[in-house]
Every structure is written in C-alpha cells, then in structure tokens.
Amino acid sequence: LQWSSPPEAIERFKSQEIWFAPPQFYELCRLCNFSSLRELHKFSSGRALEGCERWLPVMLNASDGYIQLLPGDELYPEDPDYTGEKEINMSTDKKIEDLMKEGSVFHRIVIKNINSLAVYVNIQAKYKHMHPLMINSDYSDHHSRL
C-alpha cells in the first residue's frame with residue numbers, strides 16, 4: 001500500500017503502475033484542483049449544504065473506443081435508466097475524434113483503451129461543485145487548470 005497525491009496517482013496510472021476505473025480517474029482529476037487537504041476541506045465545507053446530483057454514466061460505444069456520458073453532456077439521454085429495467089444500448093459507427101469534433105457541450109470520459117482515459121467538461125457545474133481538470137492519461141498535463 002502506497003499513499004499518493006492525486007497528481008502522483010494519475011502519473012502512476014499513466015505509467016501503468018496502477019489502474020483506476022473511469023469514475024475514480026474523474027474524481028482524481030477533480031481533486032487535482034486542490035493543492036492541499038486544507039484547501040479541499042475549505043472548499044467542501046463551503047459547499048456542504050448546496051446539494052448533490054444523482055449521476056448515472058451512460059456508455060456510448062464508438063468504432064474505436066467508448067465514451068462515458070455524464071449529465072449535462074449533449075449526447076446524454078433525456079431519461080436514463082436508473083433502475084436497469086430498460087436496455088439502453090448507445091452505439092455509433094463514428095470514431096471518438098469525429099464525435100468530439102462534432103460536439104460542443106461536453107461532460108464525458110473518453111476511453112480509448114483500459115489505460116487511455118480523458119476527461120472533457122465544459123458545462124456549468126451544479127451546486128457550486130468543482131469540475132475535474134481535463135486530463136488525458138496519455139499526456140502529462142495535470143498541472144494546468146483548464
């Protein structure tokens with residue numbers, strides 16, 4: 001067991017020393033906004049009573065990978081299946097690059113393979129929350145605050 005800061009954990013993911021599922025990668029990208037535990041605590045205390053949003057990632061199968069769509073993304077379904085009773089199978093013959101070029105409202109995690117994740121967000125955060133830094137696991141860009 002080894003403790004790592006969020007940027008260090010992402011670097012370890014990039015070097016394939018460790019692996020995270022997309023939701024954990026997203027949250028680590030969100031934690032990269034804070035330079036210290038004190039800063040995170042101040043932020044979380046300040047927004048504690050704002051509320052929360054229920055999320056259900058919806059998978060879109062593309063010809064060369066996957067996109068986990070999150071609430072607010074322009075491709076996110078109007079009525080996602082929170083219960084698992086409906087069979088929602090979203091797929092396209094388009095490539096991820098084409099879907100990204102065609103789109104303009106993003107809240108998604110792009111998955112090219114098990115070790116290649118990228119977070120894209122340009123919507124307004126709800127409940128005074130913090131968006132994740134937009135990090136691509138293929139590049140060392142976690143220090144930018146896009």
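- Screening Ile96, Val110, Ile111 against Tyr66 for a side-chain contact (heavy atoms from CB on, under 4.5 Å) leaves a single residue, Ile111.
- Taking all atoms of both residues into account, the shortest heavy-atom contact from Glu39 to Ser35 is OE1-OG, 2.6 Å.
- Counting only distance, with no hydrogens or angles, the side chain of Glu74 and the backbone of Val105 share a donor-acceptor pair below 3.5 Å.
- Between Phe25 and Trp19, the ring centre distance reaches or exceeds 6.0 Å.
- Taking every heavy atom of both residues into account, Tyr120 and Met134 meet most closely at CA-SD, 3.8 Å.
- Using modelled atom types, no side-chain atom of His107 and backbone atom of Tyr76 make a donor-acceptor pair closer than 3.5 Å.
- In this pair, Phe13 and Phe20 present their aromatic rings parallel. The plane angle is below 30°, not in the 30 to 60° band.
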Trp3 vs Glu8, test: side chain to side chain contact (heavy atoms under 4.5 Å, CB included). Steps then yes/no. CA-CA 9 Å; Trp3 173 258; Glu8 290 168 343; 5.6 Å; no
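- Atom CG of Asn136 is separated from atom SG of Cys29 by 9.5 Å, given to the nearest 0.5 angstrom.
- Here His129 contributes atom NE2 and Ser44 contributes atom OG; the two are 9.0 Å apart, rounded to the nearest 0.5 Å.
- Considering CG of Leu117 and CG of Leu28, their distance stands at 11.0 Å, rounded to 0.5 Å.
- Put simply, the side chain of Leu99 reaches to within 4.5 Å of the side chain of Thr92, judged on heavy atoms.
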Kindly indicate, with the supporting measurements, whether the criterion side chain to side chain contact (heavy atoms under 4.5 Å, CB included) is fulfilled by Ser4 and Arg12. CA-CA 9 Å; Ser4 298; Arg12 291 181 67 211; 3.3 Å; yes
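- Contacts of Phe106 classified as ring pair (Phe, Tyr, Trp, His ring centres under 6.0 Å), with partners at least two apart in sequence or in another chain: none.
- Under the 4.5 Å side-chain contact rule for hydrophobic residues, Ile114 and Ile10 share a cluster.
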Steps toward side chain to side chain contact (heavy atoms under 4.5 Å, CB included) verdict (Gln24, Tyr26): CA-CA 5 Å; Gln24 285 71 36; Tyr26 182 97; over 6 Å; no
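- With hydrogens and angles disregarded, a donor-acceptor distance shorter than 3.5 Å links the side chain of His131 to the backbone of Ala125.
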Determine whether Leu69 and Met90 satisfy the following criterion, side chain to side chain contact (heavy atoms under 4.5 Å, CB included), listing intermediate values before the conclusion. CA-CA 10 Å; Leu69 303 169; Met90 295 181 65; 3.8 Å; yes
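- Evaluation of the salt bridge (charged side-chain N to carboxylate O under 4.0 Å, His left out) test over residues 98-118, restricted to residues two or more places apart or in two chains, returns Asp73-Arg108, Lys94-Glu102, Glu97-Lys101.
- Between Gly72 and Ile123, the shortest heavy-atom distance links the atoms O-CG2, 3.7 Å.
- Looking at Arg30 and Glu27, a side-chain N of the basic residue comes within less than 4.0 Å of a carboxylate O on the acidic one, giving a salt bridge.
- Here the side chains of Leu40 and Leu31 are in contact, with some heavy-atom distance below 4.5 Å.
- Of the possible polar contacts, none joining the Ser45 side chain to the Lys42 backbone as a donor-acceptor pair under 3.5 Å is found.
- Of all non-hydrogen atoms in Ile18 and Ala9, the two that sit nearest each other are CD1-O, 3.7 Å.
- In plain terms, the two heavy atoms of Pro132 and Val121 that are nearest each other are CG-CG2, 3.9 Å.
- No continuous path of hydrophobic side-chain contacts links Tyr127 to Leu70 [ILVMFWY only; heavy atoms under 4.5 Å].
- Within 6.0 Å of CG in Asn113 there are more than 12 heavy atoms belonging to other residues, nucleotides or ligands.
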